[in-house]
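Since the structure comes first, as structure tokens, the remarks are kept for the end.
Residue indices begin at 1 and follow the sequence shown. Each ligand, and each atom within it, is numbered from 1 in the order the structure gives. This one's a predicted model, so the numbers in the text were calculated from it and none came from an experiment.
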Amino acid sequence: MTKLKTAVLISGRGSNLQALIDACGQPDFPAEIVLVFSNVADAYGLERARKAGIPTAAISHRDFATRDAFDMAMDAKLTEAKAEFICLAGFMRLLSATFVRKWQGRIVNIHPSLLPAFKGMHVHEQAIAAGVKVSGCTVHYVIPELDSGPTILQEKVPVQPGDTADTLAARVLEAEHRIYPAALKMIAEGRVRLEQDRAIFA
Ligand code: GAR
């Protein structure tokens with residue numbers, strides 16, 4: 001089986017990365033991780049990758065004068081690793097439109113809300129402040145506009161009375177770990193693709 005060569009971009013603890021590593025560890029999973037890239041040199045996710053024997057690269061965005069210059073350096077690492085597809089997994093950097101256009105249809109993100117609700121930062125605080133009974137998570141294609149782009153998979157998660165941002169985040173995270181590998185599987189099997197600005201399901 002030819003596996004989809006996937007790079008995972010992280011900035012932090014990498015629990016979604018771990019879910020993808022575990023899924024890719026199954027012999028019949030149609031994707032493999034060829035690179036874990038971080039903009040933060042001591043991100044714990046890099047340690048997870050090293051433990052799994054996956055190549056890593058870390059480049060600090062602080063070493064570059066512009067977003068475009070950082071994105072070009074990152075793109076060079078992705079090309080060197082022969083990545084065909086990108087999963088953003090807690091990658092806390094805005095991407096330049098140039099980078100996103102280059103990878104259009106080959107880059108996805110996971111976000112801890114039911115988009116289009118609650119974009120940006122402090123997502124669980126936003127959900128609690130809004131008083132919603134249901135939140136969740138979304139895997140979507142990345143387009144230049146932040147936390148937008150066609151949805152591939154979503155899972156609903158109940159908001160319980162007395163929830164704090166932390167308790168809600170933990171419940172949503174469990175769902176994230178289910179839908180991210182499931183979405184990557186669908187993509188690698190050609191069961192979903194981006195056409196114009198719509199996700200097309202086979
Ligand atoms: C996850 O909840 C992910 O959805 C979120 O950051 C967390 C990373 O956790 N991403 C965003 O908010 C992106 N807008 P992880 O490092 O344990 O996977």
Side-chain angles (χ1 to χ4, degrees), residues 6-25 31 33 35-52 54 56-58 60-61 67 70-71 74 85-97 99-100 103 107-130 132 134-159 163-184 187:
T6 304
V8 184
L9 274 47
I10 60 160
S11 298
R13 79 191 148 180
S15 72
N16 277 291
L17 164 67
Q18 189 66 55
L20 295 173
I21 290 174
D22 294 346
C24 289
I33 303 174
L35 179 71
V36 173
F37 176 92
S38 181
N39 63 315
V40 178
D42 62 354
Y44 181 62
L46 291 171
E47 192 56 36
R48 296 179 189 268
R50 284 190 282 266
K51 278 194 190 125
I54 298 167
T56 62
S60 174
H61 54 277
R67 192 176 297 284
F70 170 72
D71 284 3
M74 181 165 66
F85 195 83
I86 299 173
C87 289
L88 304 180
F91 186 67
M92 297 307 189
R93 291 284 306 159
L94 290 173
L95 294 166
S96 61
F99 182 91
V100 172
W103 288 91
I107 178 167
V108 297
N109 180 43
I110 188 153
H111 184 79
S113 75
L114 291 177
L115 291 172
F118 313 130
K119 298 179 179 182
M121 305 286 284
H122 310 297
V123 170
H124 305 296
E125 283 89 340
Q126 291 186 53
I128 288 168
V132 294
V134 178
S135 192
C137 48
T138 304
V139 178
H140 64 93
Y141 283 106
V142 174
I143 62 170
E145 192 188 334
L146 180 70
D147 296 334
S148 303
T151 296
I152 299 166
L153 277 181
Q154 289 185 308
E155 185 172 327
K156 285 186 276 186
V157 173
V159 181
D163 258 343
T164 62
D166 286 347
T167 58
L168 179 56
R171 196 175 308 118
V172 170
L173 203 58
E174 287 177 27
E176 293 184 46
H177 298 164
R178 282 189 289 272
I179 68 167
Y180 216 174
L184 182 57
I187 293 157

* Asked: Can you list the steps and then say if Cys137 with Ile179 is a side chain to side chain contact (heavy atoms under 4.5 Å, CB included)?
  -> CA-CA 8 Å; Cys137 48; Ile179 68 167; 3.6 Å; yes
* Please test Thr56 against Phe37 for side chain to side chain contact (heavy atoms under 4.5 Å, CB included), starting from the C-alpha separation and ending with a verdict. => CA-CA 6 Å; Thr56 62; Phe37 176 92; over 6 Å; no
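Side-chain atoms of Ser11 come within 3.5 Å of backbone N or O of Met92 as a donor-acceptor pair.
Within 4.0 Å of ligand 1, contacts by protein heavy atoms are made from Arg13, Gly14, Ser15, Asn16, Gly90, Met92, Ile110, His111, Pro112, Asp147, Leu173, Glu176.
Within the 4.5 Å cutoff, the side chain of Val108 has heavy atoms near those of the Phe85 side chain.
Contacts classified as salt bridge (Lys or Arg N to Asp or Glu O under 4.0 Å) and involving residues 136-156 (residues at least two apart or in different chains) are given here: Glu155-Arg178.
Using a cutoff of 4.0 Å between basic side-chain nitrogens and carboxylate oxygens, Arg93 and Asp71 are not scored as salt-bridged.
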